[in-house]
Amino acid sequence: EAGVVQSPRYKIIEKKQPVAFWCNPISGHNTLYWYLQNLGQGPELLIRYENEEAVDDSQLPKDRFSAERLKGVDSTLKIQPAELGDSAVYLCASSLSGRVPPVFGPGTRLTVL
Amino acid sequence: DQQVKQNSPSLSVQEGRISILNCDYTNSMFDYFLWYKKYPAEGPTFLISISSIKDKNEDGRFTVFLNKSAKHLSLHIVPSQPGDSAVYFCAASGSQGNLIFGKGTKLSVKP
């Protein structure tokens with residue numbers, strides 16, 4: 001069984017540029033999460049989807065961040081415009097339901113110069 | 001304010017000995033607790049969990065203990081192996097299911 005796939009694995013951009021991350025969850029997993037992990041910190045939830053519905057986006061900075069999960073499968077997280085403080089690892093995770101331990105992808109390491 | 005705290009940033013143990021990683025939480029509504037292991041350049045991997053109705057859960061070399069009155073849980077690894085060297089994250093959730101993570105403890109197991 002393939003795991004959670006994320007791309008790109010690494011991204012370097014100039015500040016004020018847009019950037020997008022893509023996630024393909026494990027087949028059949030209805031719940032999808034985007035987490036942000038800063039250096040030396042644990043993952044912090046940005047947004048959680050149940051199928052195509054965002055059920056918790058309270059921690060998503062909506063002035064510059066957006067996310068979508070069309071057809072309840074793949075998901076894209078976008079930042080526009082990126083700021084220096086956005087440099088971090090962006091993790092996607094999926095699970096069969098909200099109370100099952102999520103499986104994490106390898107993450108996308110973003111560097112904003 | 002941190003709801004899940006791992007107060008030891010690092011821990012070093014000798015191969016074959018016991019590793020004990022600790023975690024404290026503040027939210028009494030948490031009822032499900034998990035441990036994840038993370039290697040460099042990889043995502044966290046689920047290790048073991050425990051529900052608040054239990055005080056111990058064991059899986060091979062890994063045992064998690066929960067003390068609800070103290071709002072404390074610990075992960076015991078016996079015996080420790082060099083391949084266990086990684087960052088360990090404690091996480092907790094309530095009824096809504098969202099995980100709150102601690103900052104992690106870096107475990108080094110020396111041969």
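Letters A, B, ... are given to chains in the order of the sequence lines, protein chains preceding strands, and every chain is numbered from 1. As the structure is a computational prediction, the values presented were derived from the model and not from experiment.
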Given that the side chain runs from C-beta out, which part of A:Gln6 has a heavy atom under 4.5 Å from chain B: side chain, backbone, both or neither?
neither

Which of A:Arg64, A:Lys78, A:Lys16 passes salt bridge (charged side-chain N to carboxylate O under 4.0 Å, His left out) with A:Asp86? Answer is A:Arg64

Checking heavy atoms, do the side chain of B:Ser95, its backbone, both or neither come under 4.5 Å from chain A?
backbone

Checking side chain to side chain contact (heavy atoms under 4.5 Å, CB included) between B:Ile77 and each of B:Ile18, B:Val109, B:Asp84, which is the one that passes?
B:Asp84

Should the pair A:Phe104 and A:Tyr35 be assigned to parallel (<30°), tilted (30 to 60°) or perpendicular (>60°) ring geometry?
tilted

Would you check if the side chain of B:Gln14 reaches a backbone N or O of B:Pro111 as a donor-acceptor pair within less than 3.5 Å?
yes

Which word best sums up how the rings of A:Tyr90 and A:Phe65 line up, parallel for under 30°, tilted for 30 to 60°, or perpendicular for over 60°?
tilted

Atom group of B:Lys38 that falls short of 4.5 Å from chain A, counting heavy atoms:
side chain

At a heavy-atom separation under 4.5 Å, does B:Ile100 approach chain A through its side chain, its backbone, both, or neither?
neither

With a 4.5 Å cut-off on heavy-atom pairs, point out which of B:Pro44, B:Ser93, B:Pro9 contacts chain A the most.
B:Pro44

Would you say B:Tyr88's side chain and B:Leu47's backbone share a donor-acceptor pair under 3.5 angstrom?
no

Is it the side chain or the backbone of A:Arg9 that comes within 4.5 Å of chain B heavy atoms, both, or neither?
side chain

With chain B, the option among A:Gly107, A:Pro102, A:Gly105, A:Gly40 that has the most non-hydrogen atom pairs under 4.5 Å is A:Pro102

Under a 4.5 Å heavy-atom cut-off, does chain A meet the side chain of B:Ala41, its backbone, both or neither?
both

